[in-house]
Amino acid sequence: MVRNRFAPSPTGNVHVGSLRTALYNYLFAKKMGGEFLLRLEDTDQTRFEQGAVENLLNALNQTGVIPNEGLIEINGEVIQKGDFGPYIQSERLDIYHKHLKTLLDHGQAYHCFCTKERLEAVRDSQKLAGQTPKYDGHCRNLSPEDVQSKIDEGIPYVIRLKLPENVVISFEDGVRGIIEMNTNDLDDQVLLKTDGFPTYHLAVVIDDHLMGITHVIRGEEWLPSTPKHVYLYQCFGWDAPQFVHLPNILNDDHKKLSKRQGDVSVGDFLAKGYLPEALVNYLALLGWSPEDDQEIFTMEELIQAFDLSRINKSGAVFDRSKLNWMNAHYIKELPIEILVKNLIPFIIDAGYIQVEDVENRKEWLEKIGELLRERIEYFAQAKEELTLILKNDFVVTDEEALEFLRAESTKRLYHVLVEKIEATDVLNASCGKAILKEIQKQEKIKGKMLYMPSRIMITGEMHGPDLTLIMDVLGKDEILARLISMKSIIE
Ligand code: GLU
């Protein structure tokens with residue numbers, strides 16, 4: 001049975017690249033009827049950030065990439081579920097120590113007492129000589145007695161992997177094919193740090209094996225470490241899982257996606273009003289492509305279509321305009337109640353409604369929803385769009401706009417418009433449409449000369465949503481008040 005895992009370090013916000021890794025694991029596990037577990041890799045205690053686990057589980061829950069084993073959240077509480085726990089690495093130290101002892105006993109690992117200063121000096125001189133910096137093996141062949149006496153003296157140490165010399169390690173990566181690496185090009189990896197915690201490299205191998213992981217699907221940045229992992233599997237006499245390394249996610253400049261170029265965390269995107277299903281859909285296609293050219297997928301469809309063999313080799317550029325397009329597509333399809341629900345926090349934030357008025361102004365909110373549906377790509381854009389129509393203290397200064405207002409036909413337009421609006425009971429979209437049509441017929445004012453001055457008189461803007469929808473949102477009294485305040489300019 002397929003068992004895979006998402007194994008993040010709790011280091012703060014969840015990067016979209018991490019969510020993509022989690023998603024591919026999830027899709028593959030679901031497709032194969034397997035298990036998808038969440039393991040916390042917190043062996044680097046210096047990188048731990050408060051609230052990181054909650055952030056992580058929130059991001060997964062909100063996007064529907066939900067593990068069924070390991071660290072999971074039930075009713076707001078974080079628990080560990082499954083027979084292969086603990087699923088938090090800092091709770092597994094005795095397991096790592098036990099396995100490390102086996103490696104030491106077999107001469108596959110050794111104590112290293114080198115000081116930081118010595119290691120730095122070695123590295124500097126290697127660099128000067130144009131060599132790739134690597135541990136020089138200084139402690140590789142200490143006698144057991146030497147080791148013991150140094151330990152007894154209390155000299156701090158790490159434990160390193162003792163790689164054999166000049167041996168080719170090879171494995172097959174699901175995306176990149178056969179990978180071969182000579183141990184001469186590898187470092188004697190630190191497996192246990194001076195603080196008694198294992199490094200990622202030791203812990204990941206032991207955990208993946210003990211947790212029965214069949215497929216390791218993770219970011220490409222781990223590909224260069226994988227030969228060391230494969231060697232560790234050999235040392236322990238274990239079968240290695242299938243490795244699948246996902247292509248990097250890149251900025252427009254083809255460097256690795258970083259914060260400097262804008263939002264990169266799942267939380268940032270959700271806070272801006274990107275829909276979780278759009279983000280998931282977008283990330284699914286960032287490094288994987290379906291057999292046909294379908295672009296919009298539900299999670300269920302993704303599970304059906306997902307196939308490890310269609311993961312791309314080359315880096316995937318994070319195209320924000322494509323994400324926006326996709327999110328806009330999802331917004332267009334939303335039922336009006338859901339659309340409004342998503343919009344409310346942004347409208348409140350913009351100051352156009354108070355929390356306590358939300359219930360009474362449902363109809364108004366729905367009109368706003370319909371008006372914005374076609375105009376925004378993510379919900380945080382609502383404020384700017386709404387300002388275009390809801391601000392009523394505008395002053396028209398744009399020369400082109402003033403020209404429309406000064407036109408001879410605008411005087412006539414103004415009077416009939418006021419007259420006709422005054423005469424209606426309520427001003428809704430269809431009634432607004434009818435009024436504009438009547439004016440067109442009656443006054444022979446059409447096209448631009450009809451719509452532009454009307455729009456400018458009502459909103460102060462030359463562009464914006466459909467004018468009749470604006471009339472619908474603002475209503476008769478507000479429209480009349482705005483028109484009347486224009487009187488002196490028009491006449
Ligand atoms: N803890 C590693 C990370 O945060 C996991 C890498 C792996 O999946 O093996 O990237």
Side-chain angles (χ1 to χ4, degrees), residues 2-29 34-49 52-53 55-57 59-60 65 67 69-71 84 86-93 95-96 161 171 173-176 179 189-191 193 197-233 236 238 240-249 256-259 264-267 283 287 308 311 315:
V2 165
R3 282 177 61 79
N4 62 23
R5 85 300 192 275
F6 175 45
S9 301
T11 52
N13 292 328
V14 185
H15 191 279
V16 283
S18 297
L19 180 61
R20 186 196 60 172
T21 299
L23 175 66
Y24 285 18
N25 275 286
Y26 172 85
L27 294 176
F28 183 60
E35 312 278 3
F36 166 56
L37 65 91
L38 175 64
R39 179 175 74 224
L40 199 66
E41 301 209 325
D42 61 345
T43 56
D44 188 350
Q45 296 280 304
T46 55
R47 291 175 68 208
F48 189 86
E49 273 195 34
V53 176
N55 270 347
L56 190 63
L57 290 170
L60 295 179
V65 183
E69 187 182 319
L71 214 59
F84 298 82
Y87 293 92
I88 298 179
Q89 288 187 329
S90 59
E91 296 175 11
R92 300 172 62 82
L93 297 186
I95 301 175
Y96 306 129
L161 177 62
F171 66 96
D173 182 75
V175 175
R176 312 211 148 247
I179 306 278
Q189 179 65 51
V190 172
L191 300 177
K193 296 175 284 184
F197 277 77
T199 55
Y200 156 72
H201 304 281
L202 178 70
V204 75
V205 168
I206 295 175
D207 289 351
D208 283 342
H209 173 72
L210 295 182
M211 294 181 185
I213 298 302
T214 57
H215 293 73
V216 168
I217 304 172
R218 64 184 169 198
E220 189 178 74
E221 67 271 28
W222 300 110
L223 190 64
S225 306
T226 308
K228 288 184 259 191
H229 301 176
V230 169
Y231 181 68
L232 274 170
Y233 279 97
F236 288 122
W238 298 335
Q242 166 77 58
F243 293 102
V244 178
H245 286 93
L246 308 178
N248 280 326
I249 300 183
K256 226 174 148 183
L257 185 67
S258 77
K259 240 190 183 136
V264 290
S265 87
V266 176
L283 289 177
L308 289 179
I311 291 174

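Values below: all heavy atoms of this structure, side chains included; hydrogens, waters and symmetry mates excluded. Remember, it's a predicted structure, so these values are computed and weren't measured experimentally. Atoms within a ligand are numbered from 1 in the order they appear, just like the ligands themselves.
L57 contributes atom CG, which lies 6.0 Å from atom CG of L38 (distance to the nearest 0.5 angstrom). Distance check, rounded to the nearest 0.5 Å: CD1 of I88 to OG1 of T43 gives 13.0 Å. Going from atom CD1 of I217 over to atom CG of L27 covers 9.0 Å, rounded to the nearest 0.5 Å.
Every atom of ligand 1 is numbered from 1 in the order shown, and the set under 4.0 Å from a heavy atom of E41 is 1 (N), 2 (C), 5 (C). Remark: ligand 1 atoms within the under-4.0 Å shell around heavy atoms of V204 are 9 (O).
Considering backbone and side-chain N/O of E221, none are found under 3.5 Å from N/O of ligand 1. Remark: ligand 1 and P8 share no N or O pair separated by less than 3.5 Å (distance only, no angle test).
In this structure, F36 has its ring center no closer than 6.0 Å to that of H215.
At least one cation-pi condition fails for R5 and F84: the charged atom is not both under 6.0 angstrom from the six-membered ring centre and inside a 45 degree cone around its axis.
Counting only N and O atoms by type, the side chains of D207 and Y87 include no donor and acceptor under 3.5 Å apart.
Closest to atom 10 (O) of ligand 1, if we only count protein heavy atoms, is W222 NE1, 3.2 Å. Remark: minimum distance from atom 5 (C) of ligand 1 to any protein heavy atom is reached at A7 O, 3.1 Å. Considering only non-hydrogen protein atoms, atom 9 (O) of ligand 1 sits nearest to Y200 OH, 2.6 Å. The protein atom (non-hydrogen) at minimum distance from atom 4 (O) of ligand 1 is S9 N, 3.4 Å. Among protein heavy atoms, the minimum distance from atom 8 (O) of ligand 1 is reached at R5 NH1, 2.7 Å.
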| Where do H245 and D173 land on the side-chain hydrogen bond (donor to acceptor under 3.5 Å, both in side chains) test, with the steps shown first? | CA-CA 7 Å; H245 286 93; D173 182 75; 2.7 Å; yes
